Undergrad: 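There's a structure below that I have some questions on.
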2 protein chains.
Amino acid sequence: MESKTKRLIAIRKILETDKINNQDALQKKLKEFGFYYTQATLSRDLKFLKVAKIADVIGEYRLVLPEFINKTEGVRVEKNIPLDKITSMEFSGNIVVIRTFPGYANGVASTLDSYNFYEIVGSVAGDDTLMLVLREGSSRLDFVNRLITKEPNLKEIIPVVKNY
Amino acid sequence: MESKTKRLIAIRKILETDKINNQDALQKKLKEFGFYYTQATLSRDLKFLKVAKIADVIGEYRLVLPEFINKTEGVRVEKNIPLDKITSMEFSGNIVVIRTFPGYANGVASTLDSYNFYEIVGSVAGDDTLMLVLREGSSRLDFVNRLITKEPNLKEIIPVVKNY
DNA sequence: GGAATAAATGAATAAATATACTTACTTATG
DNA sequence: CATAAGTAAGTATATTTATTCATTTATTCC
């Protein structure tokens, strides 16, 4: 049917502009545009369109078109600067301060970013220093363990850390 | 709890390597790793981790970590208020970690700087991440409230915050 | 045009997922 | 220390979503 395509387009348009949190809401919205279909059809449509239902930052579910999903990171196509540019690592509070050879902080930061460690909320880098913010609930040891599995030769640089 | 973090990490690891198509399968897989939890808990975990359930190319559903979702096409329509470049905001300790679209962190930081919020001691920005240091005595809520009065549309991005 | 085949859809239902409510336990606070 | 406040997680259930099955509607190919 021609109207199927129309409906799919309408769905995409709706999901682009409105916050729709389930198929029921979508069905109602479609009605406003003159599309009368059952939930079953919408389920099939969403499967076809690869729409995802994801919780957003405020903890509400939303139907999201695939291209609108926030890739946080990890997809950055920068060559991985080896972590052996790191010269030291220290902790203070929930901050990890990492020193590198001059000029390498950004490279190291983006390498670490690309690993997308759950324990790290975010990072910023200057010239020879970068900082990571540890996630609340994640311990230094959690982070260190994770790091070592990725880059075992860092062991010498990583300070002895207690689990807090 | 410590074990919650461990479980979250395990979930992420499993979803990275295996094809998991529903919470039931995830629950079974977790058992192999010694994690015994109910479906309800996994539902909460997936919400927290922003895992999506999407149909893949062969029409099977899969649980997918946010950063693994393929952006196929289409570009998000960005408005030109600088703060609309913000994609997420998280807190850890006295640090606010703000993510932006690539390249916009500095712009956003200087916009925020220009507001001269009392609650913010200072900021640093990288490429797509900036950090604000909260003033001692100022709560997250203080900051969030202040921010919302400036930029109400940020509400969607700002996490639910308790007053500490 | 009409039989054969495929596609689209709804109704009913199965399956999967989210959540209200409760309990145990941990962490702050006076 | 005691009480409050917060967090984690299970149970039971409500809600949401996917699918099976039947029917209708379109498409293909003589």
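What you are looking at is a predicted structure, and each value in this text was computed from that prediction instead of being measured. To find a chain, count down the sequence lines: A is the first, B the second, and so on, and within it residues start at 1.
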Undergrad: Heavy atoms only, 4.0 Å cut-off, all strands: where does B/Y36 land among base, sugar-phosphate and nothing?
TA: sugar-phosphate

Undergrad: Give me each pair satisfying side-chain hydrogen bond (donor to acceptor under 3.5 Å, both in side chains) with a member in residues 20-31 of chain B, each pair once, sequence neighbours excluded.
TA: B/D18-B/K29, B/Q23-B/Q39, B/D24-B/K28, B/K29-B/E32

Undergrad: As a test of reading the structure: which of C/dG10, D/dT11, C/dA18 is closest to the side chain of B/R44, going by heavy atoms?
TA: D/dT11

Undergrad: Name the residue closer to the 5' end of DNA chain D, choosing between B/K53 and B/D45 according to the nucleotide with the nearest heavy atom.
TA: B/D45

Undergrad: So if I take residues 18-27 of chain B and measure heavy-atom distances to DNA chain C, which residues fall below 4.0 Å?
TA: B/N22, B/Q23

Undergrad: Contact class for B/S43 vs. all strands (heavy atom < 4.0 Å): base, sugar-phosphate, or nothing?
TA: base

Undergrad: Please pick, from C/dT19, C/dT9, D/dA9, the nucleotide with the shortest atom-to-atom distance to any side-chain atom of B/T41.
TA: D/dA9

Undergrad: Under 4.0 Å, counting only non-hydrogen atoms across every strand here, what does B/T38 touch: a base, just sugar-phosphate, or nothing?
TA: base

Undergrad: I'd like to know if the side chain of A/D45 reaches the main chain of A/L8, judged simply by a donor and an acceptor atom lying under 3.5 Å from each other, with no hydrogens or angles considered.
TA: no

Undergrad: Specify the separation, in whole Å, of atom CD1 of B/I11 and atom C1' of D/dA9.
TA: 13 Å

Undergrad: Please report the interatomic distance CG(B/L30) to OG1(B/T41), rounded to the nearest 0.5 Å.
TA: 10.5 Å

Undergrad: Can you tell me the distance, in whole Å, between the CG atom of B/L46 and the C1' atom of D/dA8?
TA: 16 Å

Undergrad: For the pair made of CD in B/E60 and P in D/dT17, what is the distance, rounded to whole Å?
TA: 21 Å

Undergrad: Pairs under 3.5 angstrom, nitrogen or oxygen only, protein versus nucleotides 12-14 of chain C, please.
TA:
none

Undergrad: Looking only at non-hydrogen atoms, find the nearest pair between A/A10 and A/F35 and report the distance.
TA: CB-CE1, 3.6 Å

Undergrad: Could you measure the distance from the CG atom of A/L65 to the CG atom of A/L46? Nearest 0.5 Å is fine.
TA: 9.0 Å

